[in-house]
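Following: one structure in structure tokens, then a few remarks.
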Protein chains: 2
Amino acid sequence: MSARQVTLAEVARQAGVSLATASRVLNGSTRQVSDELRDRVLMTAEVLGYVANASAQALARNSSSLVGLVVHDITDPYFSSIAAGVTKVAEAAGLVVVLGTTGRTPGREAELLSTLRAHRARAVVLAGSRTTDRKAQARLASEIEAFTSLGGRIACVSQAKLGTDTVVPGNRAGARALARELAALGHKRFAVLAGPADLVVTRDRLAGFKAGLADAGLAAPTVIDGAFTRDGGYDAALELLAKKTKATCVFAVNDVMAMGAMAALRERGVRVPEDISIAGFDDIPTLRDTVPALSTVRLPLEEMGEQAARLVLDGGSDVPRTVRVAGEVVLRASTQSN
Amino acid sequence: MSARQVTLAEVARQAGVSLATASRVLNGSTRQVSDELRDRVLMTAEVLGYVANASAQALARNSSSLVGLVVHDITDPYFSSIAAGVTKVAEAAGLVVVLGTTGRTPGREAELLSTLRAHRARAVVLAGSRTTDRKAQARLASEIEAFTSLGGRIACVSQAKLGTDTVVPGNRAGARALARELAALGHKRFAVLAGPADLVVTRDRLAGFKAGLADAGLAAPTVIDGAFTRDGGYDAALELLAKKTKATCVFAVNDVMAMGAMAALRERGVRVPEDISIAGFDDIPTLRDTVPALSTVRLPLEEMGEQAARLVLDGGSDVPRTVRVAGEVVLRASTQSN
DNA sequence: AGCGTGGCGGAAAGCGCTTTCCAGCCCAGC
DNA sequence: GCTGGGCTGGAAAGCGCTTTCCGCCACGCT
């Protein structure tokens with residue numbers, strides 16, 4: 001079973017060169033090695049099937065080839081799209097991505113960051129965060145500090161954290177534009193299914209939407225809070241129905257909530273869009289196959305993941321950088337004029 | 001910026017004990033340490049914010065806390081569900097999962113395995129594979145051999161590989177049961193949208209479905225091959241329509257293909273289930289929100305991921321083990337009696 | 001009293017690699 | 001002819017941890 005690993009020393013010995021030379025040929029490229037020795041080393045490495053021990057390299061170099069990726073839930077299309085972008089860029093750079101999931105547990109993010117620090121991950125992409133618990137927040141801040149002070153880089157998607165690089169979607173502007181377009185369809189009364197109030201994303205989208213309605217001279221919407229998930233949308237929609245508002249159009253602050261809401265409406269016999277129009281935000285890939293097709297604000301999710309990965313991998317800068325990506329309103333069958 | 005890492009030696013010195021003692025307290029638990037020293041060490045470690053360097057530990061112990069997970073496409077709900085199961089178990093065991101995506105590129109799996117070997121990953125879960133290219137196949141086999149001979153464990157989901165542990169869904173039985181139930185609805189003529197013929201999954205499901213039809217005394221279905229993806233299903237459905245078969249019921253060998261097919265049918269004005277019934281396989285989570293709800297064979301995807309992770313993490317056995325999970329036919333709105 | 005014995009702390013030898021530093025060597029320049 | 005400098009190869013000192021081995025001490029037994 002446990003055959004011993006082929007080591008650099010072995011390659012060096014078989015090739016009749018020193019450890020240093022073998023190392024120089026196979027990894028560190030700063031110095032020149034004569035063609036003859038170089039070939040000998042490469043040959044023997046090939047023959048022996050040598051693969052450098054990444055732990056040893058990390059130890060010697062004091063930096064690993066690991067990139068962390070922290071998400072709440074990898075089955076959520078929003079996160080898996082971002083994950084796809086991050087892995088794409090990381091793998092292209094010859095790095096390895098380690099996936100951590102928080103399950104939306106408050107302290108988990110800090111724990112994961114600590115683990116990542118133990119592994120000397122060279123960078124981390126934090127996708128999705130929250131601003132609840134003050135203590136957890138402080139803990140996270142100190143972990144971020146510890147991580148970066150070791151030379152690691154951190155980028156956040158959508159939610160800025162203490163001077164880290166960030167990729168921020170145009171939540172406010174997107175929601176505002178959406179509101180205006182919906183108003184242009186003739187809707188007068190709106191409802192918003194919002195996520196937890198402590199989530200920056202929720203706040204921005206809600207504020208943007210309200211601003212858009214105000215632009216159109218319309219009244220503020222009925223706002224119903226729910227969890228930031230499909231089931232949260234489902235529950236919020238039921239609550240909305242129970243309230244018997246006159247809203248003819250519903251904006252769910254993200255697509256998964258909108259999907260849940262549509263399911264709830266369907267079950268209750270409320271037709272979309274005939275009885276009520278509905279729109280979401282994000283344009284997750286699964287939207288392609290919903291019926292009716294959901295109106296939304298399109299975000300280039302995978303590209304956002306790529307951007308975040310690039311921010312975190314290209315040298316980095318001293319000042320926190322921000323990459324803004326715009327949302328694009330996409331009206332589909334779930335909204336109709338009123 | 002680059003503050004130096006708090007090291008074990010530092011903790012030991014501050015606590016006034018030897019390196020060995022500090023190590024024993026904080027990590028290796030075989031030996032006893034007196035309460036007094038133990039407390040001193042724990043205190044100082046706490047105060048200094050000590051986090052063991054995982055690379056150094058991996059090097060010294062010759063085994064890391066990394067678990068590999070290889071999937072084709074993390075945005076595919078099938079894979080992300082499995083990924084969720086794997087990460088759940090791995091994180092509970094205090095391990096870290098590194099995510100590799102192949103993008104269905106032939107040689108990529110072997111490459112990833114090699115990288116994982118370099119990192120001394122203690123185990124790998126291979127979800128989704130294929131049996132095409134003979135050369136890539138051999139390369140993969142030798143990587144698996146290299147990986148396991150170093151003491152690493154490998155488990156596959158759904159597709160067995162050279163004596164590795166495997167979690168196999170009841171593809172054949174599930175498809176067969178599905179065929180019988182569909183036949184019981186009164187359908188006589190069937191079409192199957194199959195994936196690439198070299199995929200074991202495809203073959204098994206197709207064979208099972210045919211067997212089920214035979215059980216019911218029905219003729220063999222029209223079979224159309226396509227890619228194992230949503231777009232593959234879309235294209236295959238178009239091809240099916242072009243053939244103008246008399247099929248009243250379509251079986252797509254997986255759900256994403258079925259979703260694509262439904263999109264194609266919808267676009268062509270073919271109503272589901274009025275004009276044609278359709279069923280898939282897997283029961284991916286997104287199915288909850290499709291209209292009409294898709295009939296399928298339910299597989300406990302997340303649990304399969306958990307099982308695979310457990311297989312690979314619990315000591316392991318000498319003989320390859322197989323965990324079978326049964327599929328359960330779930331008839332929904334996309335199939336109706338004929 | 002003499003001598004195992006068991007328990008616990010510490011010294012030190014690695015784990016596999018990188019990288020500094022030094023030793024040759026060859027060539028150019030005075 | 002000798003010195004200085006540019007190259008290339010090798011010896012060896014770590015990187016931060018684990019773990020073996022040894023030594024010391026306190027006991028308990030004959």
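Order of the sequence lines sets the chain letters (A, B, ...), proteins ahead of strands, with each chain counted from 1. Quick note: numbers below take in every heavy atom, side chains included, and nothing from hydrogens, waters or symmetry partners. Only a predicted model underlies this, so the values are computations on that prediction, with no experimental measurement involved.
- If you check every strand for non-hydrogen atoms under 4.0 Å, Asn53(B) touches sugar and phosphate atoms only.
- Residues Leu95(B) and Arg122(B) are in side-chain contact: their nearest non-hydrogen atoms beyond the backbone lie under 4.5 Å apart.
- No N or O donor and acceptor, one from the side chain of Arg120(B) and one from the base of dG16(C), sit under 3.5 Å apart.
- When distances run from any side-chain atom of Ser18(A) to the nucleotides dC17(D), dG16(C), dA11(D), the shortest one goes to dA11(D).
- In this structure, Gln5(A) places its CD atom 8 Å from P of dG16(C), rounding to the nearest Å.
- Rounded to whole angstrom, the span from the CG atom of Leu8(B) across to the P atom of dT18(D) amounts to 6 Å.
- In this model, the phosphate group of dG10(C) is approached by a side-chain N or O of Thr21(B) to a distance below 4.0 Å at OP1 or OP2.
- The side chain of Ser34(A) sits closest to dG9(D) out of dT19(D), dG9(D), dT8(D).
- Along DNA chain C, the nucleotide nearest Gly16(B) and the nucleotide nearest Arg61(B) are compared for position; the residue whose nucleotide lies closer to the 5' end is Gly16(B).
- Spacing between atom CD of Glu10(A) and atom C1' of dC17(C) amounts to 14 Å, rounded to whole angstrom units.
- Residue-level contact check: Ala52(B) touches the backbone only, with heavy atoms under 4.0 Å from sugar-phosphate atoms and none from bases.
- A salt bridge is defined here as a Lys NZ or Arg NE, NH1 or NH2 lying under 4.0 Å from an Asp or Glu carboxylate O, and Asp165(A) with Arg153(A) meets this definition.
- No more than 12 heavy atoms of other residues, nucleotides or ligands shown are found within 6.0 angstrom of CZ on Arg324(A).
- Side-chain to base pairing of Arg31(B) with dG7(C): no donor and acceptor N or O lie closer than 3.5 Å to each other.
- In this structure the side chain of Val25(B) never reaches within 4.5 angstrom of the side chain of Leu37(B), judged on heavy atoms.
- Contact check on Glu111(B) versus Arg139(B) returns no salt bridge, with no Lys/Arg side-chain nitrogen under 4.0 Å from an Asp/Glu carboxylate oxygen.
- Nearest-nucleotide positions on DNA chain C for Arg24(B) and Ala56(A) put Arg24(B) closer to the 5' end.
- Nucleic acid contact class of Thr7(B) (heavy atoms, under 4.0 Å, all strands): sugar-phosphate only.
- Between Leu26(B) atom CG and dG9(C) atom C1' the separation is 15 Å, expressed in whole Å.
- dC7(D) atom P lies 18 Å from atom CG of Leu37(A), rounded to whole Å.
- Rounded to whole Å, atom P of dT18(D) lies 14 Å from atom CG of Asn62(B).
- Distance CG (Leu19(B)) to P (dG16(D)): 11 Å, rounded to an integer number of Å.
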